[in-house]
Amino acid sequence: MRQLVTRWLLPAFAVTLVITPSLPVRAAGRPIITVASTVPANGDLNPYGVAMIPVTMGNLVQGHILVSNFNNSFNLQGTGTTIVDIAPDGTASLFAWIDAAGLPGPCPGGIGLTTALVALRSGWVIVGSLPATDGTATTAQAGCLMVLNSWGTVVETISNNLINGPWDMTALDMGSTADLFVSNVLNGTVAGNGNLVYEGTIVRINLAMTAASAPAVVSMTTIGSGFPERTDPAALVIGPTGAGLGPDGTLYVADSLDNRIAAIPNAVKRTSSVGIGATVLQGPNLNDPLGLTVLPGNGDILTVNGNNGLLVEMSPGGKELVTRLLDKSGNPPGAGALFGLVASSAGLYFVDDATNTLNLLTGSPE
């Protein structure tokens, strides 16, 4: 629940992973396993972003999971500075501890690592920052995207007027090039003082890179706009969050405040904004949808809710296929627990902010 996360924790990097038979995503009764604590030595809390590492290089190990933390040890939102590396067997280590004073470029406001986290095949890791110096929305600033090398060192920042509160991100990774799709939630939000504003954006960033040369921004295009957003005392800010790219080039976005999943067609080639996109699915089981991923096999869309602890799976055509309660803590049950997720051959990895852990819903995606 972001600001309201309690401080009772598992021992750091606790391991309870067991091997289970492979099951389809929609199978009932699949067990949920606690893989590890996401709390590093400095005490950072509130795990947000989750990314699967696609290549072994430097300190990166293929198949490991990276997790970014949004809060510091005092549970202040927008102040987390760490990315944790977790192996499938639960072994954990610190991948990066980012010092705002040592950044090689601008990042307005400093460091507060968000759900915007990707790991690319060229060995670069990119993470978003939406900083708030005192943990409240009144001090939230635009932040930036930070590019880290495979050793966990920030080598450049991406910052301009289109990057304003990067909240979540997905990537089309083509090796020497990549397209980032970034949701932004601070366009007029702080000035709105808790009132709804309709200025949330989705920005595509085209990158060129090699393993030796840091990514260069080729172009930036706003492909979605007008999404509702507002500040929130428990969540800092609410707005368009999770993003996932379908096999046909459609970008799916979790429109958190409207409790819907939006579709932006032709997201890879689009040269202008489509507005808030077409509605794929809206309520009743969508309740503050946050993290989102698209299954590589069948193109089904998975999202987790910030207000009810549910995982919802739907088809690209908008048919709700199944729901699964992943967390029932809080009041109401499941409130504020879920954020980032990523599918793998072992199942669905997701972070739980209520317990500060990385968990696995076992079973191979269909």
Side-chain angles (χ1 to χ4, degrees), residues 12-13 15 17 34-42 44-71 80-98 111-130 144-156 158 166-171 173 178 180-182 207 209 211 214-215 241-244 290-293 304 338-353 356-360:
F13 309 132
V15 179
L17 184 66
T34 299
V35 181
S37 168
T38 56
V39 183
N42 76 338
D44 274 1
L45 300 170
N46 226 6
Y48 265 26
V50 182
M52 184 71 65
I53 299 174
V55 64
T56 297
M57 186 183 301
N59 287 335
L60 298 172
V61 179
Q62 184 177 19
H64 284 203
I65 302 97
L66 296 178
V67 177
S68 53
N69 286 303
F70 189 55
N71 294 16
T81 59
T82 52
I83 302 175
V84 176
D85 173 286
I86 301 175
D89 68 359
T91 304
S93 61
L94 185 67
F95 174 70
W97 188 348
I98 302 173
I111 311 297
L113 302 185
T114 68
T115 324
L117 177 66
V118 298
L120 301 176
R121 286 184 288 153
S122 50
W124 302 103
V125 174
I126 304 176
V127 65
S129 175
L130 194 167
C144 66
L145 297 177
M146 291 170 284
V147 180
L148 294 81
N149 63 20
S150 60
W151 299 101
T153 300
V154 180
V155 298
E156 66 178 355
I158 301 172
W167 202 224
D168 208 338
M169 175 169 58
T170 192
D173 186 354
L180 306 179
F181 301 89
V182 185
L207 301 175
M209 75 207 84
T241 307
L290 296 173
L292 183 148
T293 192
V304 289
L338 305 177
F339 229 99
L341 72 164
V342 65
S344 77
S345 59
L348 187 72
Y349 287 100
F350 65 95
V351 287
D352 191 316
D353 293 359
N356 292 286
T357 56
L358 176 71
N359 301 310
L360 176 66

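Everything numeric in this text was worked out from a predicted model, so none of it was measured.
- Annotation: side chain of Leu358 is not in contact with side chain of Val84 (no heavy-atom distance under 4.5 Å).
- Ring geometry for Phe70 against Trp167 counts as perpendicular: the plane angle is over 60°, on a 0 to 90° scale with 30° as the lower cut.
- Annotation: side chain of Ile126 is in contact with side chain of Leu207 (closest heavy-atom distance under 4.5 Å).
- Ile65 contributes atom CD1, which lies 11.5 Å from atom CG of Leu117 (distance to the nearest 0.5 angstrom).
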>> Assess the residue pair Thr82 and Phe95 against the criterion (side chain to side chain contact (heavy atoms under 4.5 Å, CB included)); give the C-alpha distance rounded to whole Å, side-chain angles, the decisive distance to 0.1 Å, and a yes or no.
In response: CA-CA 8 Å; Thr82 52; Phe95 174 70; over 6 Å; no
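- Minimum heavy-atom separation, Pro47 to Val67: CB-CG1, 3.6 Å.
- Considering CZ of Arg121 and CE of Met209, their distance stands at 9.5 Å, rounded to 0.5 Å.
- Counting only distance, with no hydrogens or angles, the side chain of Asn356 and the backbone of Val39 share no donor-acceptor pair below 3.5 Å.
- Under 3.5 Å, the side chains of Asn46 and Asn71 contain a donor-acceptor pair of N or O atoms.
- Nearest heavy atoms, Ala36 versus Gly90: CB-O, 3.6 Å.
- Smallest separation of non-hydrogen atoms from Ile111 and Gly80: CG2-O, 3.5 Å.
- Checking side-chain atoms of Asp168 against main-chain N and O of Gly291 turns up no donor-acceptor pair under 3.5 Å.
- To the nearest 0.5 Å, atoms CG (Leu148) and CD1 (Ile98) are separated by 5.0 Å.
- Separation of atoms CG (Leu341) and OG1 (Thr293) is listed at 5.5 Å; rounding is to 0.5 Å.
- Residue pairs satisfying the side-chain hydrogen bond (donor to acceptor under 3.5 Å, both in side chains) criterion with at least one member in residues 56-67, sequence neighbours excluded, are listed as follows: His64-Asp85.
- Atom OG1 of Thr114 and atom CG of Leu130 lie 7.0 Å apart (nearest 0.5 Å).
- Leu360 contributes atom CG, which lies 8.0 Å from atom CZ of Phe350 (distance to the nearest 0.5 angstrom).
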